[in-house]
Each structure stands twice: as C-alpha cells, then as structure tokens.
Amino acid sequence: AGLSYPSDTKFISTWHSEPFLLYKFDLRNITNIRMFIGFTDQTRATMLGADNPAGNYFGLQFSTARGDTRFQCVSKDGTTQTLQDTDWTGHPAASTKYYVAIEKLATTAIVSLFDSAWNPIGTTETLSTNPPGLDTAGLRIVAGIQNTAAASKRIRHQFACLNLSPSFS
C-alpha cells in the first residue's frame with residue numbers, strides 16, 4: 001500500500017529547486033514491514049521491494065527484514081546507500097500520528113521527525129555523504145509500506161505538503 005506523486009511514470013522537475021516535503025502518517029504496526037517516505041527517481045514497487053533499492057533517493061526508511069529496530073534516514077546517489085539512525089523506535093498506536101519533514105538543500109538532505117503535537121522525536125539527520133544525484137533529474141514522492149510476511153499491514157496517509165523553492169546556487 002502506498003502512494004506515488006505525481007505517479008510511477010511522471011516526475012516533479014527538480015532543476016534548480018530545493019524540494020521540501022511535510023508528510024503526516026500513522027503506522028499501526030511495525031512488525032514484518034518495509035517502509036519508505038521520501039523523494040526518488042524510482043517507482044513505488046522498486047522503493048518498497050528491497051532494503052537497498054536502485055536509483056537516487058532520500059527520505060525515511062524502516063525495514064524489519066534488514067533488522068531495523070529504529071527508523072533510518074536514507075540517501076543514495078545511484079550507487080552507494082547511506083543510512084543514519086534517527087534514534088526513534090516508533091510507537092504505533094491507534095490514535096498516534098507522526099510528521100516527517102524531508103528537504104534537500106544543495107548537496108545535503110535533512111530528515112526530521114515530529115509527534116502529533118509538533119514535538120521533535122528522535123534526532124534530525126543531515127545526510128551529506130553520498131547525496132542523491134537529483135540536481136539534473138526529476139523525482140517523485142513515494143510513501144508506502146510493504147509486508148514482508150503474510151499478515152496485512154498498512155500506513156495511513158494523513159496529508160502531504162510539497163514545496164519546490166527555487167535555488168540558483
């Protein structure tokens with residue numbers, strides 16, 4: 001389950017822009033899942049199909065198949081994946097919503113997590129090693145969850161806010 005914007009075949013232009021995504025979601029269960037929320041030049045199926053998928057991307061990732069116990073900030077430059085621990089284990093509950101803010105500034109990607117009252121949770125991570133090569137490419141937003149076992153899981157998408165600020169540096 002998940003979403004791709006604008007679709008799995010179209011892109012948002014990132015030429016001279018600094019994309020920013022604010023995404024509100026809730027997870028009811030983090031057992032036997034692979035999750036990604038962020039920007040990529042790949043399809044949703046690719047991003048949820050492996051712990052180290054092909055392509056360029058940055059965002060928030062979690063995978064019990066990889067052995068994650070805490071959510072990871074992730075980036076990839078088309079070759080090398082970089083993971084940074086957020087120190088957040090997630091606390092799935094029926095009424096708990098979370099926000100993730102993801103932005104790309106020049107050659108860094110920044111991922112921040114907040115609870116439903118806008119209190120920071122975990123640590124804000126700045127990914128500057130192996131930054132995604134999206135300066136001359138297009139990207140899409142992918143947010144989704146993949147079951148890694150037979151039991152059904154879901155991510156509830158609350159809202160997404162996208163801003164593409166011009167950057168002429």
Side-chain angles (χ1 to χ4, degrees), residues 1-5 8 11 19-94 96-105 107-116 120-134 137 139-158 160:
L3 86 99
S4 297
Y5 178 82
D8 268 347
F11 294 98
F20 173 83
L21 172 66
L22 178 63
Y23 196 84
K24 183 179 179 183
F25 66 99
D26 77 41
L27 290 170
R28 303 296 168 99
N29 189 316
I30 58 172
T31 304
N32 298 317
I33 66 165
R34 181 178 295 118
M35 183 200 83
F36 177 82
I37 299 172
F39 293 99
T40 181
D41 58 3
Q42 300 297 303
T43 66
R44 182 181 59 183
T46 297
M47 293 308 299
L48 298 176
D51 293 334
N52 185 3
N56 292 285
Y57 50 85
F58 58 100
L60 181 69
Q61 191 182 48
F62 183 86
S63 175
T64 51
R66 183 175 51 216
D68 292 350
T69 57
R70 297 187 289 214
F71 285 70
Q72 305 292 314
C73 296
V74 61
S75 69
K76 188 169 183 177
D77 62 1
T79 304
T80 305
Q81 184 186 66
T82 300
L83 295 172
Q84 287 183 211
D85 193 328
T86 66
D87 294 326
W88 181 56
T89 57
H91 305 285
T96 305
K97 289 18 174 217
Y98 301 102
Y99 296 90
V100 59
I102 304 167
E103 62 185 314
K104 182 173 180 289
L105 300 170
T107 60
T108 62
I110 301 168
V111 179
S112 307
L113 290 160
F114 303 91
D115 66 16
S116 60
I121 52 178
T123 56
T124 293
E125 296 295 338
T126 300
L127 299 158
S128 56
T129 303
N130 304 313
L134 299 173
L139 56 85
R140 63 181 55 92
I141 297 166
V142 168
I145 188 170
Q146 174 72 41
N147 299 326
T148 59
S152 176
K153 306 290 191 300
R154 63 183 166 194
I155 183 172
R156 293 183 183 212
H157 309 282
Q158 302 294 321

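- No side-chain heavy atom of Thr31 sits under 4.5 Å from any side-chain heavy atom of Thr64.
- Taking both residues in full, the closest heavy atoms of Lys76 and Ala54 are given as NZ-CA, 4.0 Å, listed atom of the first, atom of the second, then distance.
- Side chain of Lys97 to backbone of Lys24: no donor-acceptor contact under 3.5 angstrom is found.
- In this structure a side-chain-to-backbone donor-acceptor pair under 3.5 Å is missing from Thr86 to Gly122.
- In this structure a side-chain-to-backbone donor-acceptor pair under 3.5 Å is missing from Thr126 to Ile110.
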Next on the checklist: Quick one, Arg66 with Gln72, criterion side chain to side chain donor-acceptor pair (under 3.5 Å). Give me CA distance, side-chain angles, the key distance, then yes/no.
Outcome noted: CA-CA 11 Å; Arg66 183 175 51 216; Gln72 305 292 314; 5.7 Å; no
Checklist entry - Between Gln61 and Leu83, is a side-chain contact (heavy atoms from CB on, under 4.5 Å) present by the stated rule, with each step listed? => result CA-CA 9 Å; Gln61 191 182 48; Leu83 295 172; 3.7 Å; yes
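- Using a 4.5 Å cut-off on side-chain heavy atoms (C-beta onward), Phe20 and Ile102 make no contact.
- Scanning both residues, Ala109 and Phe58, for their nearest heavy atoms gives CB-CD1, 3.6 Å.
- We find the CG-CD1 distance between Asp115 and Ile121 to be 6.0 Å, quoted to the nearest 0.5 Å.
- To the nearest 0.5 Å, the span separating CZ on Arg70 from CZ on Phe62 amounts to 11.0 Å.
- The CG atom of Asp85 sits 7.0 Å away from atom OG1 of Thr69, with the distance rounded to the nearest 0.5 Å.
- The line from SG of Cys73 to CG of Leu60 is 6.0 Å long, rounded to the nearest 0.5 Å.
- Here the OG-CD distance, from Ser63 to Gln146, works out to 10.5 Å after rounding to the nearest 0.5 Å.
- Aromatic ring orientation, Phe36 versus Tyr57: perpendicular (interplanar angle above 60°, classes split at 30° and 60°).
- Looking only at distances, no side-chain donor or acceptor of Gln81 sits under 3.5 Å from a matching main-chain atom of Thr79.
- In this structure, the side chains of Thr40 and Arg140 come closer than 4.5 Å at one or more pairs of heavy atoms.
- A side-chain donor-acceptor contact under 3.5 Å links Asp41 to the backbone of Asn56.
- Between Met47 atom CE and Ile37 atom CD1 the span is 11.5 Å, to the nearest 0.5 Å.
- Put simply, the residue from Asn147, Thr148, Asp51, Asp68 that forms a side chain to side chain donor-acceptor pair (under 3.5 Å) with Arg34 is Asp51.
- Counting only distance, with no hydrogens or angles, the side chain of Arg44 and the backbone of Ala143 share no donor-acceptor pair below 3.5 Å.
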